[in-house]
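Remarks on the structure that follows.
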Amino acid sequence: PRRSIPIDIPEVFACYFTPGKMLIDPVSLHGYIFERKNIESYLKDLTDMHGNKFREHPKNRKYATLSQIVTPPTEYMEAFESFKKKTHNL
């Protein structure tokens, strides 16, 4: 049987909402990288104390919507895929 070796996930490949856990489906919002399901859920569910929808970026506090979520830059995705390949073989 294959042994599992603990891997330190660099912060750049982990989601703000789940530190230390490797991203699966990375997306970008205002230049910050998040796990798609986490940032979508955050933006859908966030309300203020009066129950009003509240569209605020979790890191820079700027206005943010689901339509602003984009694919991360090519360089980031290349580094992410390379890191995934390296760690998958451990």
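Heavy atoms only: backbone and side chains are in, while hydrogens, waters and symmetry mates are out. One-based numbering along the sequence shown.
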* Are V70 and M77 co-members of a hydrophobic cluster defined by side-chain heavy atoms under 4.5 Å apart? ->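 No, because M77 and V70 fall into different hydrophobic clusters, even though each may have its own neighbours under 4.5 Å.
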* **With sequence neighbours excluded, residues passing ring-ring contact (aromatic ring centres under 6.0 Å, His included) with F13** =>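 Result, ring-ring contact (aromatic ring centres under 6.0 Å, His included) vs F13: Y76, F80, F83.
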* Can you name the ring-ring contact (aromatic ring centres under 6.0 Å, His included) partners of Y32, sequence neighbours left out? ->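 Y32 satisfies ring-ring contact (aromatic ring centres under 6.0 Å, His included) with H57 only.
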* Asked: K62: what forms a side chain to side chain contact (heavy atoms under 4.5 Å, CB included) with it, not counting sequence neighbours?
  ->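 By the side chain to side chain contact (heavy atoms under 4.5 Å, CB included) rule, K62 matches H30, N60.
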* Name all residues meeting the side chain to side chain contact (heavy atoms under 4.5 Å, CB included) criterion together with E75; count only those two or more places apart in sequence or in a different chain, and write none if there are none. =>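 With sequence neighbours excluded, E75 shows a side chain to side chain contact (heavy atoms under 4.5 Å, CB included) to P73, given in chain and number order.
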* Applying side-chain contact (heavy atoms from CB on, under 4.5 Å), run through E81 and E78 and close with a yes or a no. => CA-CA 5 Å; E81 292 301 327; E78 288 172 352; over 6 Å; no
* Asked: Does some side-chain heavy atom of F17 sit less than 4.5 Å from a side-chain heavy atom of S41?
  ->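 No, too far: nothing below the 4.5 Å cut-off.
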* Are C15 and I39 side-chain neighbours, meaning at least one heavy-atom pair lies under 4.5 Å? ->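 No, their side chains stay 4.5 Å or more apart.
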* Which pairs count as salt bridge (charged side-chain N to carboxylate O under 4.0 Å, His left out) when at least one residue sits in residues 10-21, sequence neighbours excluded? ->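 Non-adjacent pairs meeting salt bridge (charged side-chain N to carboxylate O under 4.0 Å, His left out): zero.
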* To do: Scan residues 26-42 for pairs that pass salt bridge (charged side-chain N to carboxylate O under 4.0 Å, His left out), counting only residues two or more places apart or in two chains.
  =>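 Those involving residues 26-42 are D25-R36, R36-E40.
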Closest approach of [X] and [Y], non-hydrogen atoms and distance?
| X | Y | value |
| --- | --- | --- |
| I69 | L29 | N-CD1, 4.1 Å |
| P72 | P26 | CD-O, 3.5 Å |
| I9 | G20 | CG1-O, 3.5 Å |

* Asked: Residues two or more places apart in sequence or in another chain: which of them pass side-chain hydrogen bond (donor to acceptor under 3.5 Å, both in side chains) with T65?
  ->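 Testing T65 for side-chain hydrogen bond (donor to acceptor under 3.5 Å, both in side chains), a comparison that skips the adjacent residues, returns S67.
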* Backbone of I33 reached by a side-chain donor or acceptor of Y16 within 3.5 Å ->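 The answer is no, because no donor-acceptor pair under 3.5 Å joins these two groups.
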